[in-house]
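Below you'll find the structure, written out as structure tokens, and then a few comments.
Sequence lines set the chain letters: A, B, ... in the order given, protein chains first and strands last, and positions in each chain run from 1.
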There are 2 protein chains.
Amino acid sequence: MRPTRQRRAVSEALSAFDDFRSAQQIHDLLCSRDDKVGLATVYRTLSALADAGEVDVLRNEDGESLYRRCSATHHHHLVCRACGATVEVEGPAVERWTRAIAREHGYAQVSHELEIFGTCPACLGSHDVPHDGPHDRADG
Amino acid sequence: MRPTRQRRAVSEALSAFDDFRSAQQIHDLLCSRDDKVGLATVYRTLSALADAGEVDVLRNEDGESLYRRCSATHHHHLVCRACGATVEVEGPAVERWTRAIAREHGYAQVSHELEIFGTCPACLGSHDVPHDGPHDRADG
DNA sequence: TCCCGATTTGAGAACCGTTCTCGAAAGGGT
DNA sequence: ACCCTTTCGAGAACGGTTCTCAAATCGGGA
Ligand SMILES: [Zn+2]
Ligand SMILES: [Zn+2]
Ligand SMILES: [Zn+2]
Ligand SMILES: [Zn+2]
């Protein structure tokens, strides 16, 4: 995979966010910076990064794919519904439990998806709960 | 909510499946039975049932919504990737863990999503793995 | 039973995130 | 510079879902 200007731009844009962002949001950020990158290229690059395990993907309630640069080890997410603030969490017991459940029912090639949603401390404190962006995170 | 012929048909169609099915699959089943129900009505009825907590919803990897009549208590699913065979599973320890993690980070109004995917015993045994339907489940 | 307002239906259009198309542009090895 | 492959990108296409709105249906009261 060639490190083209476009791919570098998408990858750097991802790093500018601490929370999960959609392909279109990333494209918008690049546009506002006058980085000319086609939307199709943003989609292609994000898919490639996800396939390579360099970013995590999760679907929001609208079915939209959201991307985030995460640590390399297996983990799950605690995500604020209001602002998107994300915490990576690990639970060895949960990992064991899912494997045990699958074995118990004879299922093989097991994987799992686990996300925790809630309202983060910042959003709990603020009187008007935001719905369109993070509180104090870089986004451009 | 009026118990119309259409809503009854959708509800009964759901009961004919043991695994998760899409709105379009349910619509197809009704058509093949000469139950005249519009696709929009199928979507509306499934949404209403999901809102009422009468059916569980999960999104497949394509972002499609799948529906299943489940038990009323909180549970998760062990789903076969190949044929869709579904087992309801419960894990009190996981429930405790998610609450603890959320509290630890100060998140409130916590919910979570957890699905386990794998290959069921029947699909492991069969030589040509099916990709379009369950093994020996009612679907008509 | 008949009437009437409220609810429900459904064919098709609209919506929207995503993927595909394919000719143009860019890159790298020689 | 040349060639061949990869990548790009504007716009079309795709597919699941939702919306539109006129027609059908329902339920309750007269
Ligand atoms: Zn992650
Ligand atoms: Zn895990
Ligand atoms: Zn269920
Ligand atoms: Zn649970």
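A tilted orientation is assigned to the rings of A/H76 and A/H112, their planes being inclined by 30° to 60°.
Counting non-hydrogen atoms under 4.0 angstrom, A/S22 reaches nothing in the nucleic acid.
At a cut-off of 3.5 angstrom, counting only N and O atoms as typed in the model, there is no donor on one side facing an acceptor on the other between the side-chain of B/R59 and the base of D/dG16. For D/dG9, its base sits under 3.5 Å from the side chain of A/R44 at one donor and acceptor pair at least.
Nearer to the 5' terminus of DNA chain D, by closest-nucleotide assignment, is the contact made by B/S47 (compared with the other of B/S47 and B/P3).
Heavy-atom minimum distance, A/Q109 versus B/T119: OE1-OG1, 2.9 Å.
Distances shorter than 4.0 Å separate some side-chain N or O of B/T41 from OP1 or OP2 on C/dG10. An OP1 or OP2 oxygen of D/dT7 is reached within less than 4.0 angstrom by no side-chain nitrogen or oxygen of A/Q6. Residue A/Y43 places no side-chain N or O under 4.0 Å from the OP1 or OP2 atom of C/dT19.
Of the candidate nucleotides D/dT5, C/dT9, C/dT19, C/dT9 has the atom nearest to the side chain of B/R7. With C/dG10, C/dG28, C/dT18 as the choices, the nucleotide that has an atom nearest any side-chain atom of B/R5 turns out to be C/dG10.
Ring pair B/H77/B/F20: centre-to-centre distance below 6.0 Å.
Taking atom CG of B/D28 as the reference point, atom C1' of D/dG15 lies 14 Å away to the nearest angstrom.
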